[in-house]
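Here the structure is laid out as structure tokens; the discussion comes afterwards.
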Amino acid sequence: MTDPFDLDSAASTGAPPPNDYLAALNETQAEAVAATEGPLLVLAGAGTGKTRVLTTRLAHILLTAKAWPNQLLAVTFTNKAARQMKDRVAELINRNVDDLWFGTFHAIAARILRRHAELVGLKSNYSIIDADDQIRLLKQVLSGRDIDEKRWPARGLLFGIERWKDRGMTPDKAAAEGADSDAAAFADGRGVELYRAYQERLLALNAADFGDLLLHGLTLFTGHPDVLERWQKQFRYILVDEYQDTNVAQYLWLRLLAQSHRNLCCVGDDDQSIYSWRGAEVANILRFEKDFPGAKIVRLERNYRSTAHILGAASGLISHNAGRLGKTLWTDADNTGEKVAVQGVWDGDEEARLVSDQIEALRRDGERLAECAVLVRAGFQTRAFEERFITIGLPYMVVGGLRFYERQEIRDAIAYMRVTVQPDNDLAFERIVNLPKRGLGEASLRPIYKLARDQGLSLARAAAAIAETDELRPKPRASLKALTDGFERWRGLLKTVAHGDVVGIMLEDSGYSEMWRRDKSVSAPGRVENLRELERALGDFENLEEFLEHVSLVMDMDSADDNDMVNIMTLHSAKGLEFDNVFLPGWEEGLFPHERALMENGDAGLEEERRLAYVGLTRARKRAGVLFAANRRIYNQWQSSLPSRFIDELPGEHVIRRAAVGLQGGGLSEQAVPWRARRRAAPEAGEPTSVPDTGAGGGSFALGERIFHQKFGYGRIISIDGNKLEVAFEKAGVKKVIDSFVVAA
DNA sequence: TATATTAACGTTTTT
DNA sequence: CGTTAATATA
């Protein structure tokens with residue numbers, strides 16, 4: 001092989017000698033970069049320069065001519081991460097890296113699958129379906145078998161199927177595993193049967209869901225050694241980011257690909273594993289050494305991101321987790337910074353107000369808004385902040401909130417494109433046959449379904465055929481014909497007209513745009529605007545097919561983020577990001593740690609929640625603030641809440657407690673206010689802690705007992721569930737409250 | 001068939 | 001509370 005980058009001439013033209021980039025690394029980082037051959041596991045704590053190691057390593061391999069760009073595979077967890085890494089590598093080696101295989105597991109697997117689709121029973125133009133379609137399909141499968149959806153909700157089945165797929169299990173393997181799993185027990189033990197039916201349905205539709213991309217990838221590799229060998233040769237070096245969040249299917253997929261040359265480098269942090277609910281297995285980290293004997297392990301423990309107080313608080317918190325590999329992060333002693341501010345507020349509104357005030361204070365001090373982030377546990381929490389920020393005119397953006405491509409009107413428009421480009425896409429066809437309303441209801445559709453079934457045609461083709469017959473009455477027939485002719489015409493237009501314009505024509509001809517223009521609801525104008533935005537975005541793609549692939553996998557759109565705005569996002573989507581100032585609201589029992597995580601997964605769930613808190617804190621470079629509210633309105637109900645146990649777990653020397661009321665805006669040097677003393681020990685069963693103000697409350701109430709609540713007044717207890725009471729209040733009606741907010745009357 | 005009204009339901013995190 | 005699914009009516 002010749003030198004892909006012609007280093008000699010690069011050197012002679014004054015470009016930096018290839019070793020320069022190594023000088024920017026510390027000793028362990030350089031070690032991780034230099035060990036290009038053989039299996040390598042990098043345990044990289046938060047803020048230890050993990051991305052730098054990954055990108056430098058890629059650059060190093062390229063610059064030392066160990067491989068061509070297209071022989072490098074770099075797998076990331078999100079598309080954003082892939083993009084960033086790509087840009088940074090390009091910067092390092094000073095040329096474009098379009099030939100590198102950068103992407104998420106799903107994107108890479110989809111790309112490989114396109115080339116061998118027939119081998120797993122798909123066609124290469126298979127479509128990738130999203131969650132909505134999955135549910136729709138499963139509902140069809142269920143109703144076709146007379147299974148009561150009330151008792152056996154499709155969501156539950158989907159969850160089980162996805163766990164199977166996460167573990168790389170086809171229906172056959174799931175059957176072999178036996179009926180003891182929850183998913184197998186679905187609908188009285190018909191889980192596997194339904195899983196199989198669902199898979200058959202997907203194949204018949206020439207469609208794959210997200211899990212299939214990996215699952216089919218596995219069957220492809222294991223069933224066709226020649227194909228596997230081809231890809232093993234293709235990827236001479238494999239890098240994996242966020243390794244702690246890979247699931248078993250992904251792990252097996254990697255192992256197959258890396259088997260021959262073993263040039264696999266995985267970078268991860270067990271303390272940041274936050275996706276076990278989606279099938280991620282931290283155990284993959286432990287397995288690595290076993291499956292790749294002689295693997296080199298490098299630990300990155302020097303933190304370059306956060307101040308000592310922030311790091312100390314985060315470390316103290318995570319030390320409460322039992323199942324850890326154990327790392328000791330450290331930073332420069334002189335980088336002390338400010339203590340983590342912990343502050344209690346009365347309710348969610350006050351919380352939002354306080355955060356906005358503090359952000360404005362920071363802005364006055366010259367901080368950029370883009371360096372401020374509000375990281376919430378659950379999506380609904382963003383609303384309070386949005387409302388507050390809007391009223392005071394503070395620019396913000398919600399990252400990953402309502403994704404562009406998930407909006408109804410965008411999905412509809414995409415369905416039109418799909419049917420046009422992929423006439424066999426029945427799911428897309430079903431979505432828009434009668435949208436806008438064109439008089440094609442159940443009765444008109446029946447003959448189409450029948451014909452499609454009898455002749456083995458797709459719905460769109462069957463519809464075109466029916467439109468030519470007198471099967472339907474004149475009115476529906478005419479409108480069906482208009483639609484099918486439309487698809488034909490638009491397809492033809494694509495050959496001559498720019499695809500963005502074709503989509504515009506499509507949405508006009510079909511009456512779809514018109515439908516929203518005539519809609520008088522408040523959201524309608526926004527939807528029209530979104531459709532316009534969609535047409536504009538189409539320009540960024542070569543053709544419709546490429547765009548549709550992008551949509552299926554990426555589900556987020558590059559928004560121009562050149563404006564200075566506060567970031568609001570969930571803790572999950574904050575992973576991998578960093579900000580100077582981080583606000584962490586909602587640290588309350590029940591919300592964070594989330595009640596459901598605890599209920600469903602017990603201690604393991606709690607530890608994952610704690611890791612999530614750790615991720616949140618370690619996002620901060622200069623300042624971190626934790627908030628909790630004593631009351632939170634959820635739907636209509638007021639819910640009293642206790643401060644999160646995580647607050648107690650923050651080491652006192654790194655934390656400053658601020659008074660609950662009456663002070664804000666005054667910078668960050670408030671006086672410490674002693675918080676109520678908490679018992680250090682006895683983390684036993686939900687023993688109620690004392691509560692501010694009332695000071696009363698006890699664990700034991702009796703059913704029917706008359707009690708008093710600060711906010712709701714007098715009432716009688718109608719049910720007791722642990723420390724949660726349901727109380728029929730005399731004025732306020734039935735509410736759920738925590739026992740410690742209640743006193744005997 | 002399409003609309004209007006009512007009931008039920010849900011909020012953890014996402015490729 | 002707000003959205004969506006199911007049901008009754010025009």
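In the text below, chain A, chain B and the rest are named by the order of the sequence lines, each starting its count at 1. Computed over heavy atoms, backbone and side chain alike; hydrogens, waters and symmetry mates excluded.
Here H216(A) pairs with nothing under the ring pair (Phe, Tyr, Trp, His ring centres under 6.0 Å) rule; sequence neighbours left out. By the side-chain contact (heavy atoms from CB on, under 4.5 Å) test, A249(A) pairs with L214(A), L218(A), N247(A), sequence neighbours left out. When the side-chain contact (heavy atoms from CB on, under 4.5 Å) test is applied to R136(A), the partners found at least two apart in sequence or on another chain are D133(A), L427(A), R431(A). Partners of N125(A) under the side-chain contact (heavy atoms from CB on, under 4.5 Å) rule, at least two apart in sequence or in another chain, are K123(A), N206(A).
N321(A) places a side-chain N or O within 3.5 Å of a backbone atom of E607(A) that can act as its donor or acceptor partner.
Nearest-nucleotide positions on DNA chain B place N601(A) closer to the 5' end than the other of N601(A) and Q250(A). Between T76(A) and R383(A), the residue whose closest nucleotide on DNA chain B is further toward the 5' end is R383(A).
Summarising the geometry, the separation between CD on E242(A) and P on dT14(B) is reported as 14 Å, rounded to the nearest angstrom. Rounded to whole Å, atom P of dT13(B) lies 11 Å from atom CD of E609(A). Computed from coordinates, the I129(A) CD1 to dT14(B) P distance equals 20 Å when rounded to whole Å. Rounded to an integer number of Å, the gap from CD of E162(A) to P of dT14(B) is 14 Å. Protein atom CZ of R155(A) is 12 Å distant from nucleotide atom C1' of dC9(B), rounded to whole Å. When rounded to the nearest whole Å, the span between CD of E387(A) and P of dC1(C) equals 13 Å. Between the P atom of dT3(C) and the CG atom of D132(A) lies a distance of 16 Å, rounded to the nearest Å. The CZ-C1' distance, from F210(A) to dT14(B), rounds to 9 Å in whole Å.
dA6(C) and dT11(B) are spaced 16 Å apart, taking the P atom of each and rounding to whole Å.
D270(A) and Q244(A) form no side-chain donor-acceptor contact under 3.5 Å, judged by distance and modelled atom types alone.
Residue pairs meeting the salt bridge (charged side-chain N to carboxylate O under 4.0 Å, His left out) criterion with at least one member in residues 208-221 of chain A, sequence neighbours excluded: K165(A)-D209(A), K165(A)-D212(A). Pairs engaging residues 595-617 of chain A under the ring pair (Phe, Tyr, Trp, His ring centres under 6.0 Å) rule: none recorded [sequence neighbours left out]. Annotation: ring pair (Phe, Tyr, Trp, His ring centres under 6.0 Å) contacts involving residues 144-167 of chain A, sequence neighbours excluded, comprise W152(A)-F186(A), W164(A)-Y195(A).
Look at W277(A) and the base of dT13(B); the rings stack, centres closer than 5.5 Å and planes less than 30° apart.
Listed in residue order, the members of residues 566-576 of chain A having a heavy atom less than 4.0 Å from DNA chain B are T570(A), H572(A), S573(A).
F105(A) comes within 4.0 angstrom of nothing in the nucleic acid, heavy atoms only. Across all strands shown, E600(A) has heavy atoms under 4.0 Å from base atoms, whether or not it also approaches the sugar-phosphate. Nucleic acid contact for F592(A): none, since no nucleic acid atom lies under 4.0 Å from a heavy atom of the residue.
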List, with names and distances, any nitrogen or oxygen atoms from the protein found under 3.5 Å away from nitrogen or oxygen atoms belonging to nucleotides 1-5 of chain B.
from	atom 1	to	atom 2	distance (Å)
dT1(B)	OP1	A443(A)	N	3.3
dT1(B)	OP1	S444(A)	N	2.8
dT1(B)	OP1	S444(A)	OG	2.7
dT1(B)	OP2	A443(A)	N	2.8
dA2(B)	OP1	G439(A)	N	3.3

